[in-house]
Amino acid sequence: NAGVTQTPKFQVLKTGQSMTLQCAQDMNHNSMYWYRQDPGMGLRLIYYSASEGTTDKGEVPNGYNVSRLNKREFSLRLESAAPSQTSVYFCASSEMRGYGYTFGSGTRLTVV
Amino acid sequence: KQEVTQIPAALSVPEGENLVLNCSFTDSAIYNLQWFRQDPGKGLTSLLLIQSSQREQTSGRLNASLDKSSGRSTLYIAASQPGDSATYLCAVGANSKLTFGKGITLSVRP
């Protein structure tokens, strides 16, 4: 099915460990995004890539890095995980500015 | 900085009721507004997308309106059903980004 695919769906990390969340879309969209969702805080933008080859910080970028590997793939890396990064992470894509967003099913990350 | 507000945070209605969910935003310089549905533990499903030049969009029992000048949008759900129980999120698109409200958790009682 066409859409946004995120892996893994669940992950438990120990404080200080690193990991990469993967995201791929098959809709030929130009823009991709990483959000985190926390109770009482809603969805907050971490990083986005308006087009292949560009990345920009969102509202809460500290502790994260991203890579726009190609037009399809946009990964999010936690270099040294902290308990404050326990959250649900969503990847999204859109054709370009002004178009609707399509979201992946999320990665539930727990840092202990 | 764009801020999106959805009040109330939770709503409980009896089955069959017509209801309106409200969304307000502070900066009217937007490209579009999108309503999403989120079921517990799941991802976001897009319901309706309204471009800044449009006033409303309809899909089945759902109708969303946009008043950009006043910074308001409403999602109208006709003849609510228990299957409509979910969290409804409003998000505004501007500056290559989508800013979300915190959502309204709707419970439709049989």
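Just so you know, these numbers come straight off a predicted model, no measurement behind them.
Contacts between Leu45(A) and chain B at a heavy-atom distance below 4.5 Å involve the side chain alone, from C-beta outward. Residue contact with chain A, scored on non-hydrogen atoms closer than 4.5 Å, is absent for Gln6(B). Using a 4.5 Å cut-off between heavy atoms, Gln6(A) makes no contact with chain B at all. Looking at Arg44(A), there are no atoms closer than 4.5 Å to chain B (heavy atoms on both sides), in backbone or side chain. For Lys42(B), the part sitting under 4.5 Å from any heavy atom of chain A is the backbone (N, CA, C, O) and nothing else. With a 4.5 angstrom heavy-atom cutoff, Leu33(B) does not touch chain A via any of its atoms.
The pair Lys1(B)-Glu59(A) counts as a salt bridge, with a side-chain nitrogen and a carboxylate oxygen less than 4.0 angstrom apart.
For Arg109(B), the CZ atom sits in a packed shell: over 12 heavy atoms of surrounding residues, nucleotides or ligands are nearer than 6.0 Å. In this structure, Met27(A) places its CE atom where more than 12 heavy-atom neighbours from other residues, nucleotides or ligands lie under 6.0 Å away. Counted within 6.0 Å of CZ on Arg72(A), heavy atoms from surrounding residues, nucleotides or ligands total more than 12; the atom is thus considered enclosed.
The hydrophobic cluster containing Trp35(B) does not contain Tyr76(B), counting ILVMFWY residues as joined when their side-chain heavy atoms lie under 4.5 angstrom apart, directly or transitively. Hydrophobic clustering, with ILVMFWY side chains joined whenever heavy atoms are under 4.5 angstrom apart, keeps Leu48(B) apart from Tyr99(A). With hydrophobic clusters built from ILVMFWY side chains whose heavy atoms lie under 4.5 angstrom apart, Leu89(B) does not share a cluster with Ile30(B). Residues Met32(A) and Tyr47(A) share a single hydrophobic cluster, defined by chaining ILVMFWY side chains whose heavy atoms lie under 4.5 Å apart. In the hydrophobic clustering of ILVMFWY residues, with side-chain heavy atoms under 4.5 Å counting as a link, Ile46(A) and Leu109(A) come out together.
Side-chain contact check for Gln38(B) versus Phe90(A): some heavy-atom pair is nearer than 4.5 Å.
When each of Tyr35(A), Tyr101(A), Phe103(A) is tested with Leu44(B) by the rule side chain to side chain contact (heavy atoms under 4.5 Å, CB included), just one qualifies, namely Phe103(A).
Rounding to the nearest 0.5 Å gives a distance of 11.5 Å between CG of Leu98(B) and OG of Ser31(A). Note that NZ of Lys97(B) is 8.0 Å distant from CG of Asp56(A), once rounded to the nearest 0.5 Å. Atom-to-atom distance recorded for Thr102(A):OG1 and Phe36(B):CZ is 8.0 Å, nearest 0.5 angstrom.
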